[in-house]
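A short write-up of the structure that comes next.
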Amino acid sequence: MTSRTAAVERLSPQEIDERLAAASVAYLPLGSLEFHGPHLPIGLDALTAYGLCLRAAEASGGIVLPAVYQAVGGEHSRYPWTIMSDSPAAIETLLTETLSRLSDFGVRRVVLLSGHFADEQRDLITRVAEQWNQTGEPLHAVARTLGQAPEPPVAPDHAGRFESLLLHSLAPELVHVDALPDADAFPAPEGENPFGQDRHRADHPLHGVFGPDPRRLDVAAAGGLRDHLVTWIAGLATE
């Protein structure tokens with residue numbers, strides 16, 4: 001019987017083989033350790049990528065590797081508890097070696113999915129997949145970030161409505177919008193650009209949050225956003 005979980009670290013070799021016989025797909029989620037305001041955990045990017053990959057694999061087959069907490073790029077490198085790499089080459093080597101080993105095991109498709117979607121991160125994983133696909137190996141790699149999802153019901157952001165809703169749909173106990181300053185007492189400046197540089201100011205009520213204000217979060221929208229992304233990610237394994 002095929003195991004109920006797709007998390008490879010929880011599977012025996014026989015269970016892995018059974019899942020891959022049914023669908024020869026491995027998902028490799030990536031993210032960062034990065035400041036996401038006082039209301040969200042620093043591991044959000046990898047947590048969301050991993051959670052979405054698990055749901056895609058459990059619905060459509062395949063296995064999910066543990067999340068890689070390594071990333072490059074973005075504007076939060078100097079924020080508290082952001083640990084961002086300055087060496088994309090080291091991450092590229094790690095990912096390429098992982099693809100090579102999965103190919104040795106007979107996996108035929110790998111989906112690299114990054115919950116951290118800075119331009120530099122998108123370019124890194126795209127480069128890894130493109131270079132791998134030129135090797136002639138039967139394994140084919142697909143690389144995407146969550147920022148590339150087509151027509152999501154909520155637009156991508158950093159620590160705003162999109163990321164708060166997405167994590168709420170996967171692990172609601174990790175979302176604490178009440179940790180942000182009270183929206184009535186400390187409203188965002190009227191007419192401001194929610195992605196503007198003022199959000200870097202330490203005295204801003206949404207310091208480090210780039211996107212729509214998450215303080216009055218409509219959690220009823222969380223499931224629809226999650227399901228839209230899961231369907232898209234599962235499709236990457238078969239397109």
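Everything numeric here is computed off the predicted structure, so don't read it as measured data.
- A donor-acceptor distance shorter than 3.5 angstrom exists from the side chain of Thr82 to the backbone of Phe35, with no hydrogens or angles considered.
- A salt bridge between Arg215 and Asp184 is absent, with no side-chain N of the basic residue lying under 4.0 Å from a carboxylate O of the acidic one.
- In this structure, CG in Leu28 is found 5.5 Å from CG in Leu65, a value given to the nearest 0.5 Å.
- Hydrophobic clustering keeps Val25 apart from Val8 (ILVMFWY residues linked when any side-chain heavy atoms are closer than 4.5 Å, directly or through intermediates).
- Residues Leu11 and Arg19 meet the side-chain proximity criterion, which asks for heavy atoms closer than 4.5 Å.
- In this structure the side chain of Asp45 reaches within 4.5 angstrom of the side chain of Glu163, judged on heavy atoms.
- Grouping the Ile, Leu, Val, Met, Phe, Trp and Tyr side chains by contacts below 4.5 angstrom, directly or via other members, places Tyr50 apart from Val68.
- The main-chain N or O of Ser169 is found under 3.5 Å from a side-chain atom of Arg226 such that the two form a donor-acceptor pair.
- The backbone N or O of Val72 lies less than 3.5 Å from a partner atom in the side chain of Gln121, making a donor-acceptor pair.
- Linking ILVMFWY residues whenever their side-chain heavy atoms come closer than 4.5 Å, directly or via other members, leaves Val177 and Phe210 in distinct clusters.
- Leu174 is not listed as a side-chain neighbour of Leu40, based on a closest heavy-atom distance of 4.5 Å or more.
- Qualifying ring-ring contact (aromatic ring centres under 6.0 Å, His included) partners for His158, counting only residues two or more places apart in sequence or in other chains: His36, His76.
- A continuous path of ILVMFWY side-chain contacts below 4.5 Å connects Ile83 to Phe117, so both sit in one hydrophobic cluster.
- Ala46 approaches Tyr69 most closely through the heavy-atom pair CB-CE2, 3.3 Å.
- At a threshold of 4.5 Å between non-hydrogen side-chain atoms, the residues Arg161 and Leu217 count as touching.
- Put simply, the side chain of Ser24 gets close to the backbone of Arg108: a donor and an acceptor are under 3.5 Å apart.
- Contact record, His39 with Ala159: NE2-O, 2.9 Å, taken as the closest heavy-atom pair.
- Residues Tyr27 and Leu113 fail the side-chain proximity criterion, which asks for heavy atoms closer than 4.5 Å.
- Using the six-membered ring where Trp is involved, Tyr79 and His207 have ring planes that are parallel, under 30° apart on the 30 and 60° scheme.
- Remark: the backbone N or O of Leu206 is paired with a side-chain donor or acceptor of His204 at under 3.5 angstrom.
- Counting heavy atoms from C-beta on, the side chains of Leu146 and Pro156 never come closer than 4.5 Å.
- Looking only at distances, a side-chain donor or acceptor of Arg109 sits under 3.5 Å from a matching main-chain atom of Ala237.
- Side-chain atoms of Leu47 and Leu170, non-hydrogen and from C-beta on, never get closer than 4.5 Å to each other.
- Under 4.0 Å is where a charged nitrogen must lie from a carboxylate oxygen, and between Glu192 and Arg199 at least one such pair does.
- Looking only at atom types and distance, the side chain of Glu18 has a donor-acceptor partner in the side chain of Gln14 under 3.5 Å away.
- Considering only heavy atoms from C-beta on, Thr238 stays 4.5 Å or farther from Ser60 through its side chain.
- With hydrogens and angles disregarded, a donor-acceptor distance shorter than 3.5 Å links the side chain of Thr135 to the backbone of Trp132.
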